[in-house]
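Here is the structure we will look at.
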Protein chains: 2
Amino acid sequence: MKRRTTPAQTAILDLLKSSGSALSQDMIEQKMKGETDRVTIYRVLNRFCEDGLTHRIVSDDGKSYFALCHGCQGNHHTHDHFHFRCLTCQKVECLSEKVQVSLPQGYRATNVNAWVSGYCAGCI
Amino acid sequence: MKRRTTPAQTAILDLLKSSGSALSQDMIEQKMKGETDRVTIYRVLNRFCEDGLTHRIVSDDGKSYFALCHGCQGNHHTHDHFHFRCLTCQKVECLSEKVQVSLPQGYRATNVNAWVSGYCAGCI
DNA sequence: GTTATTATTGCAACAATGTTGCATTAGTTG
DNA sequence: CAACTAATGCAACATTGTTGCAATAATAAC
Ligand SMILES: [Mn+2]
Ligand SMILES: [Mn+2]
Ligand SMILES: [Zn+2]
Ligand SMILES: [Zn+2]
């Protein structure tokens, strides 16, 4: 299944790049003014994740956010950083700080989903 | 609005106490064998949170889990600890370890939602 | 440039989680 | 017991996300 270049995909990728933050499907739909079907947006975002272009973080607002991978080398992906969601401007950012947690004896971690919500510098 | 004691509420509270882990609505519905309507379960759980009996954590499996408050004094609640979800046995635990994260300059945190998923000691 | 192949899209339908309106039931108080 | 009203059950709805399928269009082959 070789990927094809389509307007929807390049538009969504451009949005992710230019926004500099993580976006949810509904944010993208708004910014595209409904020109692209919401199912297509979901499928494009899932494909980006499969291809290692983005990572998905599930927020406590009930939505998935998609952020461009940054610092992932080839097949080796690590997304064990915190994310911040501003309750006023809704912006979602990847924080640089890595999640550090020691599990009970015998536990094995395979994934991390860590959020802080509050108010960003511009919205205090 | 004074609370009343009802079979549904005591049953759900007993389940939370005896399970020793965080439970989701569907887990509770299963354990109660469908004797209580799912809307009632949701309402009871929300009431428990309002009353400071439980706290809610939203998982990346798309469900909310409810855990008994433990160590919260009166009105002062702090639920800034990590949670672990076992991908095999589905159990959700509050970890003792507190979330430590330093935000960018000027940011203010109001809430934390931190998860680690993987395999617990019994499911490795 | 034309044709063939099939990845991608749009639409409808569906699934899962959670909430709300409203009539009925049942704790609590006197 | 009677009155009051919190809590429940049911239907309906909202939101987020996925799947089936026919139509479209990007790419490769000729
Ligand atoms: Mn990555
Ligand atoms: Mn608490
Ligand atoms: Zn902000
Ligand atoms: Zn387990």
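Chain A is the first sequence line, chain B the second, and so forth, proteins listed ahead of strands; every chain is numbered from 1.
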_For nucleotides 24-30 of chain D, give me one character per nucleotide, 5' to 3': B if any protein heavy atom sits under 4.0 Å from the base, S if the only such contacts are to the sugar-phosphate, - if neither._
-BBS---
Backbone N/O of [Y] and side chain of [X]: donor-acceptor pair under 3.5 Å:
X       : Y       : answer
S117(A) : T110(B) : no
T78(A)  : D80(A)  : no
E97(A)  : S102(B) : yes

Excluding sequence neighbours, so at least two apart, what forms ring-ring contact (aromatic ring centres under 6.0 Å, His included) with [X]?
X      : value
F66(B) : none
Y65(B) : W115(B)
F82(A) : none

*asked:* For S59(A), give me all partners under side chain to side chain donor-acceptor pair (under 3.5 Å), at least two apart in sequence or on another chain.
replied: D61(A), R85(A)
Taking [atom1] from [X] and [atom2] from [N], how many angstroms apart are they, rounded to a whole number?
X      : N      : atom1 : atom2 : result
Q9(A)  : dA7(C) : CD    : C1'   : 9 Å
L13(A) : dT8(C) : CG    : P     : 14 Å
R38(A) : dT8(C) : CZ    : C1'   : 17 Å
I12(B) : dT8(D) : CD1   : C1'   : 11 Å

_Under the salt bridge (Lys or Arg N to Asp or Glu O under 4.0 Å) definition, can you give me all pairs with a residue in residues 17-45 of chain A, not counting sequence neighbours?_
D26(A)-K63(A)
*asked:* Suppose the criterion is salt bridge (Lys or Arg N to Asp or Glu O under 4.0 Å): which pairs have a residue in residues 2-15 of chain A, not counting sequence neighbours?
replied: R3(A)-E50(A), R3(A)-D51(A)
*May I ask you to list the residues of residues 57-67 of chain B, by number, that have any heavy atom positioned under 4.0 Å from an atom of DNA chain C?*
G62(B), K63(B), S64(B)
*Using a cut-off of strictly less than 4.0 Å between a heavy atom of the residue and any atom of DNA chain C, enumerate the qualifying residues of residues 20-34 of chain A by number.*
none
_Steps toward side-chain contact (heavy atoms from CB on, under 4.5 Å) verdict (T88(A), I124(A))_ = CA-CA 9 Å; T88(A) 299; I124(A) 283 283; over 6 Å; no
_Axis bend over the full length of the helix from dG1(C)-dC30(D) to dG30(C)-dC1(D), computed from five pairs that close each end, to 10 degrees_ = 30°
*Walk me through it: do R47(B) and L53(B) pass the test side-chain contact (heavy atoms from CB on, under 4.5 Å)?*
CA-CA 9 Å; R47(B) 234 151 26 198; L53(B) 225 63; over 6 Å; no
_side-chain contact (heavy atoms from CB on, under 4.5 Å) between I57(B) and H79(B), worked out_ = CA-CA 9 Å; I57(B) 44 259; H79(B) 306 122; over 6 Å; no
*asked:* Counting only heavy atoms and a strict 4.0 angstrom limit, can you tell me which residues of residues 40-49 of chain A come near DNA chain D?
replied: Y42(A), R43(A), N46(A)
_Which residues end up grouped with Y42(B) if you chain together Ile, Leu, Val, Met, Phe, Trp and Tyr wherever their side-chain heavy atoms are less than 4.5 Å apart?_
none
*So among I12(A), L23(A), N46(A), L68(A), which one has a side-chain contact (heavy atoms from CB on, under 4.5 Å) with T54(A)?*
L68(A)
*Give me the one residue out of H70(B), H81(B), H77(B) that meets ring-ring contact (aromatic ring centres under 6.0 Å, His included) with H55(B).*
H81(B)
